[in-house]
**Student:** 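Can you read through this structure? Questions will come right after.
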Amino acid sequence: MCGIVGCVGEGAAVDRLLRGLRRLEYRGYDSAGVAVLSDDDIEVRRSVGKLRNLETSLLKEDLVGGVGIGHTRWATHGRPTEENAHPHFGRERNLVLVHNGIIENYLELKEKLVAEGHEFHSETDSEVLAHLIEGCVKDDLRDGVREALKQVRGAFAILVLDRRFPDRIVGARKDSPLVVGLGEDACYMASDIPALLEFTRQVLFVHDGEILELSKNGVSITDFDGKPVKRESERIEWDLLMAEKGGYKHFMLKEIHEQPRAISDALLGRLDPSPEEGLLPELTIAPEVSQNISRVCILACGTSYHAGLIGKAWIENMAKLPVEVAIASEFRHQEPLVGEDTLCIAISQSGETLDTVAACRVATKRGAPLFSVCNVMGSSLTRDSSGVLYTRAGPEIGVASTKAFTTQLLCLYLLAIRLGVDRGHLNPKEGMDRLDRLRHLRSTMEVALREEDNIKAISQSFYQAPNFLYLGRGLNYPIALEGALKLKEISYIHAEGYPAGEMKHGPIALIDENVPVVVIAPTGGPYDKVLGNLAEAKARGGKVIAICTEGDKRVKESADVVIPVPEIEHELTPFVTVLPLQLLAYYIALRRGCDIDQPRNLAKSVTVE
Ligand code: AGP
């Protein structure tokens, strides 16, 4: 996600903004910009790429003034270009804004503003917000922001600087982080604590639904109705590294806990399709294309491949289309049977995985239309694709993929609904019912993560095992593969994921009292069969760790250890069953003293063959 910083005080704001933004660099970004109030005028500088490009342009002509706002952008609406970089001006250029988040109804708002004669210079939702706010500002900047936000749906943390109110900046927050820093000769607002630590340790956390006015003497807070809010500041004792990780020991743990949030970000604006645009208009697959294709081919590697296997089950079930899921590194060196009638869907967190990008080029060369599910806007894969469904997970820094996986699943589920409706195998009501099921996903995942202490304790008994077996069936067989991959990657323990029913055809020979067997057994679907497999493993002396539905007595009686997950429709169980497996791998690796965020021999983005 983007990083934002603002400051009001004595001395050069630009220097403070750049220092703050530099502390947010670790999160990843593709462009940056600052705005400073200089002699009642707002000066803006923006550039694509790294902060040093912005610094170079500032060297030529320094900005003076103690009030400013800055931004590092992780593209979501519109490509990573200078025009799309923040800050954005309003129509009259009286104010500038930086924004983190997604404005759900920006197209609707933009249409209205265009009808009133507004011209826009970027493809962003944020510029629309800048124009909207400027139009609402009369005698007081904060009142104007409050008025404008009444019309806005979505998630945001914003900072607004207006030349008519030169001694302050106004910030607001809804579903996107914002924190205030109280320094000696300046006050700050930022999306994350690391941006503030060089200047102050005295901070004040902003809550959802609050609007702030920051001056060099401090901050005043009100809610969205204008009611004053009282809040004491607190002292942060974290060091910089801890702050970057949000107080967690590792990025992986932080990202595991970010999943419920990432899921709700990925759902923003996608749950209530408009009658004109339908579901997922960004995919640009015309209904005729969906109707005329005869098969789907999913291309991906690693964790993204596992997401693809679950996507296959959903698409086959809802759209009645045969789906092949190909490991990209294999596919690209074969003579694949794809053509114009094959819808190719690439899945990649980075969008730069060489095998996936190359496999897609093989497919498109044969005439297959290519769509992708990707986390990084402007990446090679998205440039090659006719349509992209962005996962909106935000930057994933830990090498072991976690939040990218669950948001990929979400996109694939939405895609399956869309294809099902387009092809007439789901009627619109069934499509809507399935979308409705997703509304509770965030809270259900939050409940699943509450098992963390239990999982931490369980890891104590198993962290020295040399081998693990993971078993699952149906939708939870790919989860077994993913659980095993997580453990291998970060703890260096050999682990194998297997379809539970296939165990008796070979791997059962491996089981003895030294082999922990992780069985994924939520209720519904092939539950009874999985229970049979669990008993087989137990009968061979295996130590069974079962992932089961909360309150399941049958599993509790048969397994050595259980990790409950909350009840959810069977179709959606992968969203919750994967969470304990991520945590189990994490805590086992932690006890083994492994380098969790950067495991040996691995790279976050594999751009070689
Ligand atoms: C996941 O934990 C891995 N680090 C790895 O398997 C990864 O999923 C794979 O390299 C594909 O990456 P991508 O999603 O960026 O294409």
Side-chain angles (χ1 to χ4, degrees), residues 28 74 250-256 258-259 262 266 298-311 325-332 344-361 363 370-385 388-412 470 478-493 495 497 578-579 581-586 588-589 594-609:
W74 162 270
H250 293 95
F251 283 112
M252 182 184 177
L253 190 59
K254 172 173 178 262
E255 287 158 5
I256 289 173
E258 277 172 357
Q259 289 177 102
I298 295 180
L299 298 169
C301 300
T303 288
S304 301
Y305 169 75
H306 298 155
L309 292 174
I310 297 170
V325 191
I327 292 179
S329 56
E330 287 294 311
F331 178 92
R332 59 183 288 217
C344 257
I345 299 169
I347 309 173
S348 173
Q349 185 285 129
S350 60
E352 299 295 350
T353 302
L354 182 69
D355 285 322
T356 306
V357 172
C360 291
R361 289 184 182 155
L370 173 68
F371 292 85
S372 55
V373 172
C374 188
N375 197 33
V376 182
M377 194 171 257
S379 56
S380 305
L381 183 64
T382 63
R383 290 199 301 270
D384 287 353
S385 304
V388 187
L389 205 47
Y390 286 102
T391 45
R392 302 182 190 159
E396 193 180 63
I397 295 168
V399 163
S401 199
T402 52
K403 59 178 181 170
F405 177 71
T406 37
T407 52
Q408 285 168 349
L409 289 184
L410 185 79
C411 289
L412 290 165
Y470 285 71
I479 294 297
L481 295 177
E482 177 58 9
L485 178 64
K486 287 288 89 90
L487 189 71
K488 279 186 264 217
E489 281 189 287
I490 61 168
S491 74
Y492 317 141
I493 294 176
V578 76
L579 303 179
L581 302 188
Q582 295 167 345
L583 285 168
L584 185 64
Y586 174 82
I588 287 177
C594 298
D595 185 352
I596 293 181
D597 283 333
Q598 280 167 341
R600 69 184 182 204
N601 308 338
L602 289 175
K604 181 67 188 160
S605 172
V606 185
T607 52
V608 290
E609 277 200 74

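Note that the structure is a prediction, hence the values are computed from the model and not measured. As the structure lists them, so they are numbered: ligands from 1, and atoms in each ligand from 1. By convention here, the first residue in the shown sequence is residue 1.
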**Student:** Give the atoms of ligand 1, by number and element, whose distance to some non-hydrogen atom of Ser304 is under 4.0 Å.
**Tutor:**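 With Ser304 as reference, the close atoms of ligand 1 come out as 8 (O), 13 (P), 14 (O).
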**Student:** Do ligand 1 and Ser350 have nitrogen or oxygen atoms that lie under 3.5 Å from each other?
**Tutor:**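 Yes, since at least one N or O of Ser350 sits under 3.5 Å from an N or O of ligand 1.
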**Student:** Check each of Glu489, Gln582, Glu396 against Ser401 using the side-chain hydrogen bond (donor to acceptor under 3.5 Å, both in side chains) test, and report the only one that passes.
**Tutor:**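 Of Glu489, Gln582, Glu396, side-chain hydrogen bond (donor to acceptor under 3.5 Å, both in side chains) with Ser401 is met by Glu396 alone.
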**Student:** Using a plain distance cutoff, I'd like to know if Thr353 has any nitrogen or oxygen under 3.5 Å from a nitrogen or oxygen of ligand 1.
**Tutor:**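 Between Thr353 and ligand 1, an N or O pair is found under 3.5 Å apart.
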**Student:** Name the closest protein heavy atom to atom 10 (O) of ligand 1, giving the residue it belongs to and the distance to 0.1 Å.
**Tutor:**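 In this structure, atom 10 (O) of ligand 1 has Val606 CG2, 4.0 Å as its nearest protein heavy atom.
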**Student:** Any N/O of Val399 closer than 3.5 Å to an N/O of ligand 1?
**Tutor:**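 Yes, there is a polar N/O contact under 3.5 Å.
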**Student:** Around atom CD of Gln598, are there more than 12 heavy atoms of other residues, nucleotides or ligands at under 6.0 Å?
**Tutor:**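 Not buried by this count: 12 neighbours or fewer within 6.0 Å.
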**Student:** When rounded to the nearest 0.5 angstrom, what distance separates NZ in Lys488 from CD1 in Ile493?
**Tutor:**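 If I round to the nearest 0.5 Å, the distance is 12.0 Å.
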**Student:** Using a 4.0 Å cutoff against the non-hydrogen atoms of Thr303, which atoms of ligand 1 qualify?
**Tutor:**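 Answer, ordered by atom number: 1 (C), 2 (O), 6 (O), 8 (O).
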**Student:** What atoms in ligand 1 come closer than 4.0 Å to a heavy atom of Ala400?
**Tutor:**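 Listed by number with element: 2 (O).
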**Student:** Examine the side chains of Thr303 and Lys486 and answer whether a donor and an acceptor come within less than 3.5 Å of each other.
**Tutor:**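 Side-chain D/A pair, Thr303 to Lys486: present.
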**Student:** Against heavy atoms of Gln349, which atoms of ligand 1 measure under 4.0 Å?
**Tutor:**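 Reading through ligand 1 atom by atom, the close ones are 13 (P), 14 (O), 15 (O), 16 (O).
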**Student:** Does ligand 1 have an atom that lies less than 4.0 angstrom from a heavy atom of Lys486?
**Tutor:**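 Judged by the 4.0 Å heavy-atom criterion, Lys486 does count as contacting ligand 1.
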**Student:** Could you find the nearest protein heavy atom to atom 11 (C) of ligand 1 and give me its residue, atom name and distance?
**Tutor:**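 Going by distance alone, atom 11 (C) of ligand 1 is nearest to Cys301 O, 3.4 Å.
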**Student:** Quick check on contacts: which atoms of ligand 1 are under 4.0 angstrom from a heavy atom of Ser401?
**Tutor:**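 Answer for ligand 1: 1 (C), 2 (O).
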**Student:** Give the C-alpha distance, both sets of side-chain angles, the deciding distance and a yes or no for side-chain hydrogen bond (donor to acceptor under 3.5 Å, both in side chains) between Gln349 and Ser304.
**Tutor:** CA-CA 7 Å; Gln349 185 285 129; Ser304 301; over 6 Å; no
**Student:** For Cys301, which residues count as a side chain to side chain contact (heavy atoms under 4.5 Å, CB included) partner, sequence neighbours excluded?
**Tutor:**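 Listed in chain order: Ala328, Thr353, Asp355, Thr356.
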**Student:** Looking only at heavy atoms, is any part of Glu489 under 4.0 Å from ligand 1, and if so is it the side chain, the backbone, or both, or is it neither?
**Tutor:**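 For Glu489, only side-chain atoms sit under 4.0 Å from ligand 1.
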**Student:** Does any part of the side chain of Val578, heavy atoms only, come nearer than 4.5 Å to the side chain of Leu409, both counted from C-beta?
**Tutor:**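 No, side chains not in contact.
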**Student:** Drop me the distance from Tyr305's OH to Ile347's CD1, to the nearest 0.5 angstrom.
**Tutor:**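 Going from OH on Tyr305 over to CD1 on Ile347, the span is 11.0 Å.
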